[in-house]
Amino acid sequence: MVKPAWHPSDELTEMQRRFVDFLAYRQGRSTFTAAALSAGYSEKRANREGSELMKNPKVQRYYRWKCNQINRSQAVTHTNYINQQIRLSGKLEDKGKEDKCAPYENLIGKAAGLFSETHYHQDLNKMSMAEKEDEIKRLKKIQEEKIEDTKLISE
C-alpha cells in the first residue's frame, strides 16, 4: 500500500485550515480576528484565537505554503498574460461587444509573437503646433477608448 504524500494542511483541523485560507486569500487585507470569525470561532474568543493560531508552527507552515501557492498562480508569466487577455476579450464577446475585442486580440497576437508594432518617433521640436494638437487629440481618443473598454469589462 502506498502512503499518500504529506501536505501541510494534513496537520491542521478544519477550522485552522479555514482560518489560514481566509488570511492567505486576503493577504494584508484582513485581520486575525476576521479570519477566526470566518473560520467559525466564537465572537468572544475570535481575537485571542486568531493571535494564538498565528503562533502555532503548524499554522504558520501552512500559511507560508498557501501564500506561496497563491502568489505562484498569480505571477505574471507569458501564459498567464495571454490567458488574461483571452478572458477579457471573451467577456466583451459574451456581452455582445465584439467591436471592442480588437485591442485585446491585438495584445494576444503581440504576446504570442504573431505580429509586432513599429513606432515612428518624430522630433517634437520640428512639429508644427497644429501637428502637436492633432497628436494630442489622437492620444486622448485612444486613452478614452481604453477607459471605456475597462468600464465595459467590469460591468
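One is the number of the first residue; the rest follow in order along the sequence.
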Gln143 and Leu139, any side-chain heavy atoms less than 4.5 Å apart: no
Neighbour count >12 (heavy atoms, 6.0 Å) for atom CZ, Arg48: no
Ion pair Glu135/Lys132, N-O distance below 4.0 Å: no
Residue pair Asp21 / Tyr62, side-chain donor-acceptor N/O under 3.5 Å: yes
Closest contact, heavy atoms only, Asn56 versus Lys58: OD1-N, 2.8 Å
Side chains of Leu23 and Met54 in contact at under 4.5 Å (non-hydrogen atoms): yes
Backbone N/O of Ala130 and side chain of Glu133: donor-acceptor pair under 3.5 Å: no
Residue Glu98 excluded, over 12 heavy atoms near CD under 6.0 Å: yes
Enclosure of Glu14 CD (heavy-atom neighbours >12, cutoff 6.0 Å): yes
Beyond-backbone contact of Thr13 with Arg17, side-chain heavy atoms, under 4.5 angstrom: no
Face-on cation placement of Arg18 at Phe22 ring, 6.0 Å and 45° thresholds: no
Donor-acceptor pair, side chain of Asn68 and main chain of Arg64, under 3.5 angstrom: yes
Chi angles and distances behind the salt bridge (Lys or Arg N to Asp or Glu O under 4.0 Å) call for Glu52, Arg45: CA-CA 10 Å; Glu52 289 174 0; Arg45 292 219 6 111; 3.6 Å; yes
Derivation of the side-chain contact (heavy atoms from CB on, under 4.5 Å) call for Phe19 and Glu49: CA-CA 10 Å; Phe19 170 82; Glu49 286 290 346; over 6 Å; no
For residues 28-41, tabulate all N or O donor-acceptor pairs below 3.5 Å that involve a side-chain atom, not counting sequence neighbours.
| residue | atom | partner | partner atom | Å |
| --- | --- | --- | --- | --- |
| Arg29 | NH2 | Tyr25 | O | 3.2 |
| Thr31 | OG1 | Ala34 | N | 3.0 |
| Thr33 | OG1 | Asn47 | OD1 | 3.2 |

Minimum heavy-atom distance Leu92-Cys101, with the two atoms named: CB-SG, 3.7 Å
Min side-chain heavy-atom separation Gln27-Asn71 under 4.5 Å: yes
Test: Lys100 and Glu93 ion pair at under 4.0 Å: no
Lys141 and Glu144 ion-paired at < 4.0 Å: no
Counterpart residues, side-chain hydrogen bond (donor to acceptor under 3.5 Å, both in side chains), relative to Arg61 (two or more places apart): Glu11
From CD (Gln85) to CG (Leu107), nearest 0.5 Å: 5.0 Å
